[in-house]
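Quick one: the structure is below, questions incoming.
The model shown is predicted, which means the values in this text are computed figures rather than measured ones. Sequence lines set the chain letters: A, B, ... in the order given, protein chains first and strands last, and positions in each chain run from 1.
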2 protein chains.
Amino acid sequence: MARLSALASPHRLRIIAALTAGGRNYVSQLAREIGISRPLLHLHLQKLEEAGLVTSQLELGADGKALNYFEVAPFVLDLTPAAITALVATLTTKSET
Amino acid sequence: MARLSALASPHRLRIIAALTAGGRNYVSQLAREIGISRPLLHLHLQKLEEAGLVTSQLELGADGKALNYFEVAPFVLDLTPAAITALVATLTTKSET
DNA sequence: CATATGCGTCAGTTATTTCTTACATATGAA
DNA sequence: TTCATATGTAAGAAATAACTGACGCATATG
């Protein structure tokens with residue numbers, strides 16, 4: 001569920017695409033490349049990270065500035081009627097998405 | 001995009017699961033089985049149909065009542081970083097999801 | 001010190017979805 | 001005709017999600 005709703009957003013899809021095509025990147029830089037505000041990007045990255053679709057790693061740049069690098073986590077979601085049915089059976093009993 | 005956001009809802013996932021497990025069903029009956037109001041179900045079915053995840057067919061029951069049957073459309077969405085990247089490339093140019 | 005870059009977060013607004021209630025139509029049966 | 005079933009939809013409330021702008025804090029440079 002968290003994964004599905006995380007992917008139901010144009011911005012977040014674009015973020016994943018950018019990180020996939022361009023490799024890992026830090027927040028401010030990524031915000032400039034994608035063309036959205038840093039707070040907004042932060043919000044979306046947060047959701048993606050909660051969903052386990054991206055990971056972050058805080059590093060110190062050559063100049064000593066703190067850079068928070070994000071990269072996509074490898075994931076495979078196959079959505080079919082059967083898969084969804086199985087997933088829902090799980091949810092009803094009690095669980096995650 | 002329409003497909004992804006259509007699937008980012010517990011209710012809609014349950015609707016798909018119900019139609020997959022129980023086969024085609026008409027609106028009022030399905031609403032009773034799932035336990036949500038008919039207008040609400042109607043709303044969700046609408047989104048699912050717009051996304052092409054379900055199809056509907058109006059029929060006349062044995063008693064002459066109009067019954068709108070819904071069934072799941074076979075679909076396969078595989079969501080991976082690469083697939084999303086390809087999809088976003090499409091969107092940027094101009095297209096659907 | 002002032003400026004520029006990086007980080008995060010909170011407060012408040014705006015937009016979008018979701019849901020309920022109520023209305024309107026149609027058919028068959030009592 | 002009245003009741004029960006089916007359909008759809010529109011209006012407004014409630015709940016989420018999305019977004020902006022302004023903070024505060026840290027480090028390096030001019």
Residues in side chain to side chain contact (heavy atoms under 4.5 Å, CB included) contact with A/Thr20, at least two apart in sequence or another chain =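 In terms of side chain to side chain contact (heavy atoms under 4.5 Å, CB included), with neighbours along the sequence ignored, A/Thr20 is linked to A/Ile16, A/Val72, B/Pro81, B/Thr85.
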Going 5' to 3' through nucleotides 16-25 of chain C, assign each nucleotide B (protein heavy atom under 4.0 Å from a base atom), S (under 4.0 Å only from sugar-phosphate atoms) or - (no protein heavy atom that close).
-> -SSBBBB---
Find the distance A/Asn25:CG to C/dC7:C1' and express it as a whole number of Å.
->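 That distance rounds to 15 Å.
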Donor-acceptor contacts under 3.5 Å from residues 22-42 of chain A side chains, at least two apart:
residue: A/Arg24; atom: NH2; partner: A/Glu59; partner atom: OE2; Å: 2.6
residue: A/Asn25; atom: ND2; partner: A/Glu33; partner atom: OE1; Å: 3.3
residue: A/Gln29; atom: OE1; partner: A/Arg32; partner atom: NE; Å: 3.4
residue: A/Gln29; atom: OE1; partner: A/Arg32; partner atom: NH2; Å: 2.9
residue: A/Gln29; atom: NE2; partner: A/Glu33; partner atom: OE2; Å: 2.8
residue: A/Ser37; atom: OG; partner: A/Leu40; partner atom: N; Å: 3.3
residue: A/His42; atom: ND1; partner: A/Gln46; partner atom: OE1; Å: 3.4

Check the distance between D/dC19's C1' and A/Ile15's CD1 and give it to me in whole angstrom.
->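 Taking atom C1' of D/dC19 as the reference, CD1 of A/Ile15 is at 13 Å.
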N/O donor-acceptor pair under 3.5 Å between A/Thr90 side chain and A/Ala86 backbone =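 Yes: the side chain of A/Thr90 pairs with the backbone of A/Ala86.
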For the student: nearest non-hydrogen atoms of B/Gly61 and B/Leu67, plus distance =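 Taking every non-hydrogen atom into account, CA-CD1, 4.0 Å.
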Between D/dC19 (C1') and A/Arg14 (CZ): distance, integer Å |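 Rounded to the whole Å, the gap is 14 Å.
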Separation of C/dG6 C1' from A/Gln29 CD (nearest whole Å) |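 It is 12 Å, rounded to the nearest whole Å.
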Rounded distance in Å - CD (B/Glu33) to P (D/dA6) |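 After rounding, the reported distance stands at 12 Å.
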Residues two or more places apart in sequence or in another chain: which of them pass side chain to side chain contact (heavy atoms under 4.5 Å, CB included) with A/Thr80?
->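 For A/Thr80 the side chain to side chain contact (heavy atoms under 4.5 Å, CB included) partners, ignoring immediate neighbours, are A/Asp78, A/Ala82, A/Ala83, B/Val76.
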Within less than 4.0 Å of OP1 or OP2 of C/dG6, is there a side-chain N or O belonging to A/Tyr26?
->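 Looking at the OP1 and OP2 atoms of C/dG6, one of them is under 4.0 Å from a side-chain N or O of A/Tyr26.
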With rounding to the nearest 0.5 Å, note down the distance linking CG in B/Leu79 to CG in A/Leu79.
->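 It is 5.5 Å, given to the nearest 0.5 Å.
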Considering only D/dG8, C/dG6, D/dA6, which nucleotide approaches the side chain of B/Arg32 most closely?
->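 Ranking D/dG8, C/dG6, D/dA6 by closest atom to the B/Arg32 side chain puts D/dA6 first.
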Between CD1 on residue A/Ile84 and CG on residue B/Leu53, distance to nearest 0.5 Å |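 A/Ile84 atom CD1 to B/Leu53 atom CG measures 7.0 Å (nearest 0.5 Å).
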What residues form a side-chain hydrogen bond (donor to acceptor under 3.5 Å, both in side chains) with B/Ser56, not counting sequence neighbours?
->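 Listed in chain order: B/Glu49.
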Whole Å only: how far is the CG atom of B/Leu41 from the P atom of D/dA6?
->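 To the nearest whole Å, that distance equals 12 Å.
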How many angstroms lie between OG1 in A/Thr55 and CD in A/Glu71, if you round to the nearest 0.5 Å?
->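 Here the rounded value is 4.0 Å.
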Proximity to DNA chain D (any heavy atom under 4.0 Å), residues of residues 56-68 of chain B only =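 Nucleic-acid contacts, sorted: B/Lys65, B/Ala66, B/Leu67, B/Asn68.
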